[in-house]
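First comes the structure, then the notes that go with it.
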Amino acid sequence: MNQLIEEINLLKKQKNAVILAHYYVSGEVKQVADLIGDSYYLAKVATKAPQNTIVLCGVTFMGESAKLLNPQKTVLMPDQTAGCPMAEMYSIRQIEEARRQYEDLAVVCYINSTAELKSYSDVCVTSSNALRVIQALPNRNIFFTPDENLGRYIASKLPEKHFILSNGYCCVHVGITAQDMEAAKQAHPNAKVLVHPECTEDVIALADYVGSTSGIINYATASDADEFIVGTEVGILYDLQLKNPNKSFYIPSERQLCNSMKKVTLEKIKHVLQTGENEVVLDDALKDKAAVCLSRMMQLAK
C-alpha cells in the first residue's frame with residue numbers, strides 16, 4: 001500500500017491535482033487526501049484550491065457540487081457509480097405544486113441532491129449551515145427537500161417558519177434505531193450520545209449533541225468526556241480516534257456503513273489520475289441554474 005500511496009502522491013504533483021475526501025470514505029483513502037471534511041467544508045475549499053484538477057473522493061453529488069462551483073476546473077470521480085440514494089429522492093412535480101400553492105415560498109434543497117434538483121431550488125444547505133441559511137431567508141414558507149429528517153430537525157428550531165417536507169432519507173442514518181441507541185447507552189452509561197440530524201426523530205431525542213459530521217468531531221474533541229456513542233457513518237471513527245487517541249467511541253449499529261462511499265479506493269484514485277477518466281460533465285443550462293443555488297448558500301452561510 002505504501003508504494004501505491006507514493007505513486008498517487010507523485011501523480012498529484014504531475015497532474016496539478018488536489019484530492020478532497022469526505023469523512024465517510026475509508027481510512028486508507030484519507031491517507032492520500034490533501035483535505036478531509038464534510039460536504040460544506042469540501043464545497044468551500046473546492047473554490048479555493050489552486051490546482052486545475054480536483055479528485056473528489058465521495059459520492060456523485062459531491063463531484064457535481066465541486067464542478068458547479070469550479071466550472072473551469074476538471075473534476076474527477078474515482079468511482080462514478082458511487083451514488084447517494086437520498087440525492088434521487090425528490091419530485092419536481094411536488095416543487096411546482098408547492099410554488100403554485102404558496103406565494104411566499106423558498107425551495108431549499110439539501111446539498112445531498114442532484115444538480116437537477118439544485119437547478120429547481122432557490123438555495124442549497126448543508127447539515128452544518130441549514131439553520132443559519134434558512135433563518136436568513138425572508139420567506140416564511142420553506143419547501144425542504146430531499147431529507148425529511150434534517151428538514152424536521154431544522155423546523156423544530158425555527159417555529160416562525162412553515163416547513164413543507166418531502167420524504168427522502170439517508171439509508172445509513174435511518175438504519176440507526178432508538179432501540180439500538182438505548183442498548184448502546186445501557187452498555188456505556190457514561191458515554192455522551194452524538195448524532196447526525198439525518199437520524200430519525202426518536203434517535204435525535206436521545207442525543208446529547210446533534211450536528212453535522214464536522215460538528216460531531218469538534219464536539220467530541222472539545223468535550224471533557226472520555227466516551228461517546230456516535231450516530232453517523234462508521235468512517236468518522238478514523239477521524240475521531242486520530243484527533244482523540246485517549247477517548248473511546250462506540251457505534252450503536254453495525255448498519256452504519258455507506259457502501260457507496262466505500263467504493264472509493266486507492267487503486268481507483270490512481271487510475272483516474274493516470275487516465276483522466278470519470279470526469280464530471282454537466283449540461284450548460286443546468287449548470288448555470290444549479291450554480292446559483294450553491295452560490296446563494298455560500299453567501300448566506302457567511
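Model, not experiment: these values are computed from the prediction. Only this structure's heavy atoms are used, side chains among them; waters, hydrogens and symmetry mates stay out.
Arg140 and Asp104 are not joined by a salt bridge, as no carboxylate oxygen comes within less than 4.0 angstrom of a charged side-chain nitrogen. Under a 4.0 Å N-O distance rule, the pair Asp122/Arg99 qualifies as a salt bridge.
Heavy-atom neighbours of Lys15 NZ from other residues, nucleotides or ligands within 6.0 Å: at or below the threshold of 12. Around atom CD of Glu201, no more than 12 heavy atoms belonging to other residues, nucleotides or ligands sit under 6.0 Å away. For Glu254, the CD atom is loosely surrounded, since the number of other residues' heavy atoms within 6.0 Å does not exceed 12. No more than 12 heavy atoms of other residues, nucleotides or ligands shown are found within 6.0 angstrom of CD on Gln72. Annotation for Gln14: atom CD counts as buried by contact number, over 12 foreign heavy atoms lying within 6.0 Å. Summarising the local packing, NZ of Lys161 is surrounded by more than 12 heavy atoms from other residues, nucleotides or ligands at distances under 6.0 Å. No more than 12 heavy atoms of other residues, nucleotides or ligands shown are found within 6.0 angstrom of OH on Tyr169.
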**Report entry** Intermediate values then yes/no, side-chain contact (heavy atoms from CB on, under 4.5 Å), Glu97 and Phe143
**Finding:** CA-CA 11 Å; Glu97 288 179 356; Phe143 184 94; over 6 Å; no
**Request:** Would you sort out whether Tyr102 and Asn139 count as a side-chain contact (heavy atoms from CB on, under 4.5 Å), showing the intermediate values?
**Result:** CA-CA 10 Å; Tyr102 300 96; Asn139 314 75; over 6 Å; no
- Task: Just do the side-chain contact (heavy atoms from CB on, under 4.5 Å) check on Tyr41 and Leu35 with the steps written out, would you?
- Result: CA-CA 9 Å; Tyr41 176 75; Leu35 297 163; 3.3 Å; yes
Could you give me the CA-CA distance, side-chain angles and deciding distance for Ser212 and Thr126, then say whether side-chain contact (heavy atoms from CB on, under 4.5 Å) is met? CA-CA 8 Å; Ser212 66; Thr126 69; over 6 Å; no
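Residue Ser128 holds its OG atom at 5.0 Å from CG of Asp38, rounded to the nearest 0.5 Å. The distance from atom NZ of Lys270 to atom CG of Leu4, rounded to the nearest 0.5 Å, is 6.0 Å. To the nearest 0.5 Å, atoms OG1 (Thr47) and NZ (Lys73) are separated by 7.5 Å. Rounding to the nearest 0.5 Å places CG of Asp288 at 9.0 Å from CG of Asp283.
The main-chain N or O of Ile19 is found under 3.5 Å from a side-chain atom of Asp34 such that the two form a donor-acceptor pair. No donor-acceptor pair closer than 3.5 Å links the side chain of Asn129 to the backbone N or O of Val125. Not one N or O on the side chain of Ser295 forms a donor-acceptor pair closer than 3.5 Å with the backbone of Val292. Remark: side-chain polar atoms of Ser113 are not paired, donor with acceptor, to backbone N or O of Lys118 under 3.5 angstrom. Between the side chain of Lys263 and the backbone N or O of Thr81 there is at least one donor-acceptor pair closer than 3.5 Å. In this structure, Lys67 contributes its side chain and Val281 its backbone to no donor-acceptor pair below 3.5 Å. Asn278 places a side-chain N or O within 3.5 Å of a backbone atom of Met77 that can act as its donor or acceptor partner. Judged by distance alone, the side chain of Asp180 and the main-chain N or O of Thr177 form a donor-acceptor pair under 3.5 Å. With Asn16 contributing its side chain and Gln51 its backbone, the two residues share no donor-acceptor pair below 3.5 Å.
Note: the hydrophobic cluster containing Leu69 does not contain Leu286 (ILVMFWY, side chain heavy atoms under 4.5 Å, direct or indirect links). At a threshold of 4.5 Å between side-chain heavy atoms, the hydrophobic network of Ile, Leu, Val, Met, Phe, Trp and Tyr places Met86 and Leu42 in one connected group. In the hydrophobic clustering of ILVMFWY residues, with side-chain heavy atoms under 4.5 Å counting as a link, Met62 and Tyr110 come out together. One hydrophobic cluster holds both Met297 and Tyr153 under the rule that ILVMFWY side chains link at heavy-atom gaps under 4.5 Å. Residues Tyr238 and Val172 do not share a hydrophobic cluster, clusters being chains of Ile/Leu/Val/Met/Phe/Trp/Tyr side chains in contact below 4.5 Å.
Annotation: side-chain hydrogen bond (donor to acceptor under 3.5 Å, both in side chains) contacts of Tyr23 (sequence neighbours excluded): none.
Counting heavy atoms from C-beta on, the side chains of Lys287 and Leu68 come closer than 4.5 Å.
The minimum heavy-atom distance between Ala82 and Gly58, with the atom names listed, is CB-O, 3.9 Å. In terms of heavy-atom proximity, Leu117 sits nearest to Pro146 at CD2-CD, 4.1 Å.
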Can you give the donor-acceptor pairs under 3.5 Å from side chains of residues 218-233 to other protein atoms, not counting sequence neighbours?
residue, atom, partner, partner atom, Å
Asn218, ND2, Ser214, O, 3.2
Thr221, OG1, Ile217, O, 2.7
Thr221, OG1, Asn244, ND2, 3.1
Ser223, OG, Ala225, N, 3.0
Glu227, OE2, Tyr250, OH, 2.6
Thr232, OG1, Tyr24, OH, 2.7
Thr232, OG1, His173, NE2, 2.8
Glu233, OE1, Gly235, N, 2.5
Glu233, OE1, Lys262, NZ, 3.2
Glu233, OE2, Cys258, N, 2.7
Glu233, OE2, Lys262, NZ, 2.6

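Between the side chains of Glu182 and Gln186, no donor-acceptor pair of N or O atoms lies under 3.5 Å. A donor-acceptor contact closer than 3.5 angstrom links the side chains of Thr114 and Tyr90.
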